[in-house]
Amino acid sequence: GRNQALYGICDQVCLFFEQQLPKTRAAAAYVERRGLSAETVRRFRLGFAPAGNILRGQAKRRGWSEELLVQAGLLNKRDGGLVDWFHGRLMFPIFSLSGKVVGFGGRVLDDSEPKYLNSPETAIFRKGDSLYGIFQAKGYIREQPPALVEGNFDMLSLVNAGINNVVAPLGTAFTPGQARLLRRYNSRITVCFDGDSAGRKACRRALETLLAAGLEPQVALLPNGTDPDSYVRQHGKERLLRLLAEGQDWVEFVLAGRELSRVAEQRSALAELVALLRLIGDDTSRELYANRIADRFRVEKRTLLRSAGQPKPGPARAAAPRGVEGNLLGAAIQSSESAQIARDLGLAEILLDERLRPIARLVEEHCDE
């Protein structure tokens with residue numbers, strides 16, 4: 001189908017970018033300066049996109065369909081002509097769960113803006129539902145909780161140091177779709193963002209998304225002014241692993257560094273914790289966290305849970321007759337369009353009939369083939 005053709009062209013272009021990397025002195029030197037081994041470069045298929053509409057020229061030379069390259073987000077229609085989407089950038093292919101190249105991220109070698117640029121959304125690439133490194137990490141994150149880092153280089157540096165259970169959002173804020181993707185593999189996760197105020201803010205936003213998606217987040221705090229990339233290169237694998245293992249949970253993270261001696265301060269901290277508590281859909285988890293918060297502030301748990309209210313009845317709480325769920329799933333199995341819709345809705349998460357969930361998960365896995 002058309003998607004097969006898109007996968008095919010993305011793979012060929014990826015190969016072309018890979019071949020350009022060793023030929024481009026500045027790009028090769030940049031990768032070396034960032035400390036990446038040849039093995040890491042090969043495993044993640046890093047490449048380089050030359051400037052000057054080279055890809056469009058290649059397409060003519062190699063007989064690649066320009067229309068297909070436009071659909072793959074690699075050529076861009078402008079002023080009645082076609083221009084390359086990526087110019088003079090280090091290229092990070094983005095893989096589907098089954099290891100096919102579906103899109104790219106590109107980073108400049110200097111300080112020009114935008115520093116990172118992703119492929120546009122296409123029929124095979126949706127930013128909010130993909131994570132950088134998920135294909136390479138998926139075998140590891142079933143066994144150990146994934147570490148979520150902010151940047152592509154953070155992720156590559158950790159893998160380069162031998163820490164394989166790492167993924168990164170694609171240079172944008174962490175999304176509910178990305179949280180659902182991780183939840184297929186593990187219900188726990190450690191967020192390890194940059195150790196500055198921007199990193200903390202981003203981490204705080206990611207916590208909301210993770211709690212709402214039913215994950216149990218921990219936070220590994222880096223010293224101010226460092227990021228996972230610089231930290232692991234300076235201190236090594238063992239120190240970073242220890243930092244990840246000693247992560248604090250979200251309650252501690254919210255309270256960290258707060259002056260809690262005054263009632264006004266306590267109230268505002270409590271309000272923030274209650275807002276997060278409200279996002280947790282699972283009754284048992286909500287209850288356990290409420291216990292901890294209540295103890296910490298010496299307030300009645302009942303008061304806490306009352307102000308947290310029942311979580312908003314999401315799709316998971318609306319009862320659906322079993323027949324309807326079965327029919328939905330039946331439709332998803334028969335047509336790939338329905339299967340995609342099932343995946344986007346996160347059908348596996350919202351089915352009330354426990355027995356149907358494993359089937360729905362399989363359907364989701366196969367969407368990526």
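The residues of the chain are indexed from 1 along the displayed sequence.
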State which residues pass side chain to side chain contact (heavy atoms under 4.5 Å, CB included) with Val108; sequence neighbours excluded, sorted by chain then number.
Arg89, Asp110, Ser112, Lys115
Suppose the criterion is ring-ring contact (aromatic ring centres under 6.0 Å, His included): which pairs have a residue in residues 262-302, not counting sequence neighbours?
Trp250-Tyr289
Run Phe135 and Ser96 through side-chain contact (heavy atoms from CB on, under 4.5 Å) and show every step you take.
CA-CA 6 Å; Phe135 168 63; Ser96 75; over 6 Å; no
Honestly curious: do Leu15 and Val41 fall in one hydrophobic cluster under the side-chain, below-4.5 Å linking rule?
no
Test Leu6 against Val102 for side-chain contact (heavy atoms from CB on, under 4.5 Å), laying out the working first.
CA-CA 8 Å; Leu6 285 173; Val102 291; over 6 Å; no
Between Thr226 and Leu222, is there a donor-acceptor pair closer than 3.5 Å when you use the side chain of the first and the backbone of the second?
no
What I'd like to find out is whether the side chain of Leu182 reaches to under 4.5 Å of the side chain of Ile189, using heavy atoms alone.
yes
Taking the inter-plane angle between the rings of Phe17 and Phe104 on a 0 to 90° scale, is it parallel (under 30°), tilted (30 to 60°) or perpendicular (over 60°)?
perpendicular
Got a sec, which residues hit salt bridge (charged side-chain N to carboxylate O under 4.0 Å, His left out) with Lys301, two or more places apart in sequence or on another chain?
Glu287
From CD (Gln58) to CG (Leu74), nearest 0.5 Å
13.0 Å
Can any side-chain N or O of Asn160 pair as donor or acceptor with the backbone N or O of Ser157 at less than 3.5 Å?
no
Atom pair CG (Leu210) and CG (Leu215), whose distance is rounded to the nearest 0.5 Å:
5.5 Å
Which residue pairs pass the ring-ring contact (aromatic ring centres under 6.0 Å, His included) test with at least one member in residues 51-76, sequence neighbours excluded?
none
Mark yes or no for whether Asp84, through its side chain, and Arg56, through its backbone, hold a donor-acceptor pair below 3.5 Å.
yes
Inter-residue atom distance Leu211.CG - Asp282.CG, 0.5 Å rounding:
11.5 Å
List for me each residue that meets salt bridge (charged side-chain N to carboxylate O under 4.0 Å, His left out) alongside Arg242, sequence neighbours excluded, and say none if there are none.
none
Only counting residues at least two apart or in another chain, list the ones meeting salt bridge (charged side-chain N to carboxylate O under 4.0 Å, His left out) with Glu238.
none
Side chain Thr24, main chain Ala27, donor-acceptor under 3.5 Å
no
Any donor-acceptor pair under 3.5 Å from Thr122 side chain to Ile124 backbone
yes
Taking CZ in Arg267 as the centre, count heavy atoms belonging to other residues, nucleotides or ligands within less than 6.0 Å. Is the count above 12?
no
Any side-chain heavy atom of Ile94 sitting closer than 4.5 Å to one from Ser119?
no
Asn118 versus Trp85, closest heavy-atom pair with distance:
O-NE1, 3.1 Å
Nearest non-hydrogen partners of Phe16 and Leu55, listed with the distance:
CD2-CD1, 4.0 Å
Nearest-0.5 Å distance, CG of residue Leu273 to CZ of residue Arg278
12.0 Å
Main-chain N/O of Val254 paired to Glu272 side chain as donor or acceptor, under 3.5 Å:
no
Is any side-chain heavy atom of Asn152 less than 4.5 Å from a side-chain heavy atom of Asp154?
no
I want to check something: taking the side chain as every heavy atom from C-beta on, are Pro146 and Thr190 in contact at a cut-off of under 4.5 Å?
no
Could you note down all residue pairs passing salt bridge (charged side-chain N to carboxylate O under 4.0 Å, His left out) where residues 3-20 supplies at least one of them, sequence neighbours left out?
Asp11-Arg45, Glu18-Arg45
What's the verdict on side-chain contact (heavy atoms from CB on, under 4.5 Å) for Glu121 and Lys127, showing C-alpha distance, side-chain angles and the deciding distance?
CA-CA 7 Å; Glu121 310 254 313; Lys127 225 171 16 191; 3.2 Å; yes
Are the side chains of Gln178 and Ile134 in contact, using a 4.5 Å heavy-atom criterion?
no
Under the salt bridge (charged side-chain N to carboxylate O under 4.0 Å, His left out) rule, what pairs show up with a residue in residues 186-200, not counting sequence neighbours?
none
Side-chain contact, heavy-atom cut-off 4.5 Å: Arg239 with Val232?
no
Check whether any side-chain N or O of Gln266 sits under 3.5 Å from a backbone N or O of Leu260 as a donor-acceptor pair, and report yes or no.
yes
Glu300: side chain to side chain contact (heavy atoms under 4.5 Å, CB included) partners, not counting sequence neighbours
Arg302, Thr303
Enumerate the salt bridge (charged side-chain N to carboxylate O under 4.0 Å, His left out) contacts for residues 58-68, please, sequence neighbours excluded, ordered by first and then second residue.
Lys60-Glu66, Glu67-Lys77
Is Glu39 salt-bridged to Arg42, cutoff N-O under 4.0 Å?
yes
Taken to the nearest 0.5 Å, the spacing of Asn76 CG from Asp79 CG works out to 10.0 Å
Do Cys14 and Val101 have side chains that approach each other closer than 4.5 Å (heavy atoms only, starting at C-beta)?
yes
Distance-minimising heavy-atom pair for Leu21 and Leu46
CD2-O, 3.7 Å
Heavy-atom closest pair (Gly128 atom, Thr175 atom, distance to 0.1 Å) is O-OG1, 2.6 Å
Contact between Leu170 and Leu131 at the side-chain level, heavy atoms closer than 4.5 Å - yes or no?
no
Rounding to 0.5 Å, atoms CZ (Arg142) and CG (Asn165) come to a distance of 14.0 Å
Would you call the rings of Phe153 and Tyr30 parallel, tilted or perpendicular, where under 30° means parallel and over 60° means perpendicular?
perpendicular
Which heavy atom of Phe44 sits nearest to which heavy atom of Gly133, and what is that distance?
CE2-CA, 4.4 Å
Carboxylate-amine/guanidinium contact Asp283 Arg286, below 4.0 Å
yes
For the student: nearest non-hydrogen atoms of Ala137 and Val167, plus distance
CB-CG1, 4.0 Å
Counting only N and O atoms by type, is there a donor-acceptor contact under 3.5 Å from the side chain of Asn164 to the main-chain atoms of Tyr140?
no
Please list all pairs passing the salt bridge (charged side-chain N to carboxylate O under 4.0 Å, His left out) test where one or both residues lie in residues 207-235, with sequence neighbours left out.
Arg34-Asp229, Arg204-Glu208, Asp229-Arg233
Please lay out, stage by stage, how Cys203 and Glu150 fare under the test side-chain contact (heavy atoms from CB on, under 4.5 Å).
CA-CA 9 Å; Cys203 179; Glu150 269 180 291; over 6 Å; no
Within the distance-only criterion (no hydrogens, no angle test), does the side chain of Lys100 pair as donor or acceptor with the backbone N or O of Phe95 below 3.5 angstrom?
no
Sidechain-backbone polar pair: Asp249 side chain, Val251 backbone, donor-acceptor under 3.5 Å
yes
Arg298: which residues meet the salt bridge (charged side-chain N to carboxylate O under 4.0 Å, His left out) condition with it, sequence neighbours left out?
none
